[in-house]
Asker: 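Got a structure for you, written out below as C-alpha cells; questions coming shortly.
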Amino acid sequence: MGSFLAFAQICQKAAGIGSSLEKVEILAGYLRDLQEADLGIAATFLIGEAIPGQELGVGPSILYDALARAMGCTPGQVADLMRSTGDVGLVAAAAAEKKRPLSLAAFAGSDGLELAEVQGRFMAIARASGRGSQEARVKNLHYLFSEASPLEAQFIARLAMEDMRIGVGEGLARDAIARAFDLDPEEVERGYNLTSNLELVAKRAREGRLAELGVAINRPVKMMLAQIGENIPAALAQGAVAVEWKYDGARVQIHKDGPAIRVFSRRLEDVTASLPEIVQVVRERVWAREAILDGEVVATGGDGRPMPFQDILRRFRRKYDVDRMARSVPLKLNLFDILYLDGEDLLNRTLQERRRLLTKAADQGILADQVVCADQAAVQKIYDEALAAGHEGLMLKNPSSPYAPGKRGKNWLKIKPVMESLDLVVTGARWGEGKRASQLGSFRLGCRDVQTGELLDVGWVATGLSEDLLAELTGILRDLIVKESGMEVEVAPQVVFEVGYEEIQRSPSYSSGYALRFPRLIAVRDDKSPEEADSLERISEIFRIQRGRAGS
DNA sequence: TTTGTCTGCCCC
DNA sequence: ATTCTGC
DNA sequence: GCAGAATGGGCAGACAAA
C-alpha cells in the first residue's frame, strides 16, 4: 500500500490507454484500495499537483541540473536528450538507469519509495527559500532520482514539472474518484468545483460525505467561463440574451464577510494585497453583509480608454510599491454576477434573478452595464460601442441559465472581431516536446524593415498547426537550418506564414517593437516570397488604428 | 550593488 | 489565452 | 461536445552571477 512504484505503474498503464472509460476504470480500481492519506496524495499526483496549493519553484533549468547530477553528465547533455526525446520523464528514466547508488543503503535495496515520502521531498522543495534555495531544490530532486527505479524516476520528473502527460486531467480524476466509491460523477464534480481541492473531495467521497462541501465565504468557487460565439444572429437564435461588454481586463471573484474582503484571481489565487482600491470600493459600495461577487477589473487611462492589458498585469501579484502603482494604474471594478448572498447559495438561480439580487446588493456604479435584448440591430450597436471604447467585444448570456462553476458552456458566449491577418517570414524555430517531440513545434516570425531590408522579430507562433502540417514543416525547415543552439534553430528566410491574432501590442523584447497577442497560424503562403511579407509600417499602422482608435 | 535568469495549477 | 485531436 | 495537450506575450518576484 502507498508505494510510489504502484502509482507509477498505474500512470504508465493509464498513459497507454486511449479510451477514457477504461482509463477511469483502472484509476478507480487503484484509488479504491488506498488508505486515506495515500488516497489524497495519489489523487493530486494524478493531475500533476505535487503539493496542493503550493508552488514548487522547479522548472526545466533546476530539473535538468538535478538530472545531470543523477546521471553524472552535464546539463547540456541532458538538454540534448530532451531535444531527441521531448520528454523529461524518459530522460529521468535513463538517469535512474545509469545512476550510481548514492548510499550503500540504497544499493542494499531499501523498501522503495512511499507516496508520502515523495510528497515530503516535494514539500521540502517548495519550502526552500532564500540564499541557496535553488541548490536545495536540486539536491532534493537528486535524492529522489537516486532512490528511484527508472519507472519511478519518470513520474517524479513529471511531477516536478507538474505535468504528468498521461491523459488524465481534472475531468478524468473526478470520474475515477466517483467510480472508485460508486458515486454520481456530477456530485464529485460539484464538490470539486466548489472547493478546488481534489484531496478533500477524494476523502469526502470515500466517506460518503460529499454533500457537506458547499459554497462558503473565503472558499473560492471555480469561475464560469465562456465559449466563443459564431456571431450575433446565431447567439440570438434561442431568444433574448443578456448583453454585456467583454472588458479587456482581469477576472476577479470577491468574497465579502462583513468588513473582511478578499479578492481572488481567475486561477483562484488570493490577490487581495495587490488590489487595495478594489477592497476599498467593495467596502464602501457593496451593501450586502455577506456576498460572493464575480466581475472584471479594468484600468482606465486619462483619455477614458482602457489602458493596455500589460499595465493591468503590473498590478497582479505585486507585493511592493502597491499604492504607488495603484495611483498610476487605477483599477475600476465591473461586477456582473453574484453567487452567494447573506447565507444563501445562488448558483441555481437564473442569471436574471442573480442580476436582480446583484442590483440590490451593490451600488450601480460598480456594476457592469447589462441589457436583456432580442433585437439584432440593438445588440450590434452595443457591440460597436464596446469596440469603439477599446474593449474586446461582447458577452451574450442566457438569462435563464444557472451559474455553472468551472464550466465553459454555451450559456455564456463571447463575440470578438476577427483582425486582418499578417503575412510574416519564418526566421527560426524551436524543437517541440511531448506530442511534438523531435519536430519543430514553434516558429519565429519576422516582418520586413523596408529601409534596411532586414527582418525584424515580431514573436512566435505555435498553434493552428495540424499534426500533418507540423511534420511537413519540420521536413522543409530542417533543410533551411543555418544555425542551431540549444532547443532553437535559425533558418534561411524562405517560408511565409499567414498569421491571425487578437491585437498588436508594444513589445519590450522583440526587435520590431511589436508583438502579436494570441498568434495562430492561418495558412502557409506558398504563393508568397519573403520580399512580399508585411512590413513594420503596416504593423504600426494597424497598431495605431486598432480597436476603434481610428477616429480619436 | 547591479544585471541576468528562472519561475509561475501567473494574467490574458 | 487559441487550436487541434481522440473519444 | 468535452477534455487533454501543446503552444503564444509579458509581468513581478526571487535568486544567482557578475
Side-chain angles (χ1 to χ4, degrees), chain A residues 17-23 44 47-63 65 86 128-135 137 161-175 196 198 225 227-228 247-252 265-269 271 274 296-297 308-322 325 392 407-410 414 416 430 432-437 439 441-443 445 458-470 499-510 514-522:
Chain A
I17 295 172
S19 152
S20 305
L21 286 174
E22 207 180 320
K23 218 176 240 189
T44 55
I47 58 167
E49 269 187 61
I51 304 181
Q54 284 186 62
E55 293 181 351
L56 283 184
V58 174
S61 181
I62 283 173
L63 182 57
D65 201 345
S129 71
R131 178 175 293 273
S133 59
Q134 294 188 0
E135 174 63 19
R137 292 191 173 106
M161 293 300 292
E162 305 211 81
D163 184 10
M164 296 301 275
R165 291 187 192 168
I166 55 174
V168 177
E170 294 178 348
L172 295 198
R174 274 175 348 221
D175 288 354
S196 300
L198 199 63
L225 304 170
Q227 269 182 11
I228 294 172
Y247 295 101
D248 187 10
R251 190 86 177 265
V252 288
S265 68
R266 161 73 195 280
R267 298 301 274 263
L268 310 183
E269 298 255 318
V271 292
S274 303
E296 185 96 358
V297 294
F309 181 76
Q310 283 140 302
D311 287 325
I312 296 175
L313 272 186
R314 303 184 67 188
R315 296 295 313 276
F316 278 73
R317 300 192 114 208
R318 175 169 287 277
K319 289 169 73 173
Y320 310 109
D321 280 337
V322 170
M325 196 57 72
E392 290 182 8
K407 287 270 176 53
R408 188 186 289 281
K410 56 185 182 306
K414 49 184 165 186
K416 298 198 282 188
R430 210 151 35 205
E433 293 185 26
K435 281 195 301 197
R436 296 188 186 177
Q439 291 191 96
S442 48
F443 305 87
L445 303 170
V458 281
W460 296 74
V461 66
T463 190
L465 304 100
S466 69
E467 286 176 5
D468 286 349
L469 181 56
L470 221 38
V499 180
Y501 56 91
E502 294 294 316
E503 190 187 17
I504 292 173
Q505 311 173 300
R506 281 222 140 86
S507 169
S509 42
Y510 294 116
Y514 295 101
L516 306 180
R517 194 171 177 196
F518 312 140
R520 59 263 197 181
L521 182 72
I522 304 295

Asker: So what does A/L465 touch, heavy atoms closer than 4.0 Å: a base, only the sugar-phosphate, or nothing?
Answerer: sugar-phosphate

Asker: Go through B/dT7, C/dT3, C/dT5 for me and flag the one nearest to the A/S61 side chain.
Answerer: B/dT7

Asker: With a non-hydrogen cut-off below 4.0 angstrom, is A/K416 in contact with a base, only sugar-phosphate, or nothing?
Answerer: sugar-phosphate

Asker: Just to be sure I understand the rule, does A/G432 reach a base, reach only the sugar-phosphate, or reach nothing, if contact means heavy atoms closer than 4.0 Å?
Answerer: sugar-phosphate

Asker: Below the 4.0 Å mark, does D/dG9 have OP1 or OP2 next to a side-chain nitrogen or oxygen of A/S509?
Answerer: no

Asker: Hey, is A/E392 close enough to A/K414 for a salt bridge, meaning N to O under 4.0 Å?
Answerer: no

Asker: With sequence neighbours excluded, what pairs up with A/S466 under the side chain to side chain contact (heavy atoms under 4.5 Å, CB included) test?
Answerer: A/D468, A/L469

Asker: Within the 4.0 Å heavy-atom criterion, would you say A/G53 contacts the bases, only the backbone, or no part of the nucleic acid?
Answerer: nothing

Asker: Out of D/dG9, B/dC10, D/dA6, which nucleotide sits closest to the side chain of A/Y510?
Answerer: D/dG9

Asker: Under 4.0 Å, counting only non-hydrogen atoms across every strand here, what does A/R318 touch: a base, just sugar-phosphate, or nothing?
Answerer: sugar-phosphate

Asker: Mind checking A/E433 for me? I need base, sugar-phosphate or nothing, with any heavy atom below 4.0 Å counting as a touch.
Answerer: sugar-phosphate

Asker: Mind checking if A/L172 touches a base, just sugar-phosphate, or nothing, with heavy atoms under 4.0 Å?
Answerer: sugar-phosphate

Asker: Counting any heavy atom closer than 4.0 Å, what does A/L521 reach on the DNA or RNA strands: base, sugar-phosphate only, or nothing?
Answerer: nothing

Asker: So does A/V58 get a backbone contact from the side chain of A/R137, meaning a donor-acceptor N/O pair under 3.5 Å?
Answerer: no

Asker: What nucleic acid atoms does A/R315 come within less than 4.0 Å of, heavy atoms only: base, sugar-phosphate, or nothing?
Answerer: nothing

Asker: Determine yes or no for a side-chain-to-main-chain donor-acceptor pair under 3.5 angstrom, with A/R251 supplying the side chain and A/E296 the backbone.
Answerer: no

Asker: The side chain of A/Y320 is closest to which nucleotide in this list: C/dT2, D/dA14, D/dC15?
Answerer: D/dA14

Asker: Counting side-chain heavy atoms from C-beta on, which of B/dC11, C/dT2, D/dT7 comes nearest to A/R520?
Answerer: C/dT2

Asker: For a quick check of understanding: with a heavy-atom distance under 4.0 Å over all strands, which category does A/I312 fall into, base, sugar-phosphate or nothing?
Answerer: nothing

Asker: Is A/D321 salt-bridged to A/R314, going by a charged N under 4.0 Å from an acidic O?
Answerer: no

Asker: Of A/R314 and A/G167, whose closest DNA chain D nucleotide lies nearer the 5' terminus?
Answerer: A/G167

Asker: Can you tell whether the side chains of A/E433 and A/R165 come within less than 4.0 Å, N to carboxylate O?
Answerer: yes

Asker: Between D/dG8 atom C1' and A/F309 atom CZ, what is the distance in whole Å?
Answerer: 13 Å

Asker: Less than 4.0 angstrom between a side-chain N/O of A/S442 and OP1 or OP2 of D/dA6, yes or no?
Answerer: no

Asker: The side chain of A/S466 is closest to which nucleotide in this list: C/dT5, B/dC12, D/dC15?
Answerer: C/dT5

Asker: For A/P60, report the nucleic acid contact type (base, sugar-phosphate, nothing); a contact means any heavy atom under 4.0 Å.
Answerer: sugar-phosphate

Asker: Nearest nucleotide by nearest heavy atom, which residue falls closer to the 5' end of DNA chain D, A/G434 or A/K319?
Answerer: A/G434

Asker: Could you check which of C/dC7, C/dT2, D/dC11 has an atom nearest any side-chain atom of A/Q310?
Answerer: D/dC11

Asker: Check whether any side-chain N or O of A/Q505 sits under 4.0 Å from OP1 or OP2 of B/dC12, and answer yes or no.
Answerer: no

Asker: Using OP1 and OP2 only, check whether a side-chain N or O of A/K407 sits under 4.0 Å from D/dG1.
Answerer: no

Asker: Would you indicate, yes or no, if D/dG9 has its OP1 or OP2 atom less than 4.0 angstrom from a side-chain nitrogen or oxygen of A/R517?
Answerer: no

Asker: Is there a side-chain contact between A/Q134 and the phosphate of D/dC15, meaning an N or O under 4.0 Å from OP1 or OP2?
Answerer: no

Asker: Side-chain N or O of A/R137 versus OP1/OP2 of B/dT7: is the shortest distance under 4.0 Å?
Answerer: no

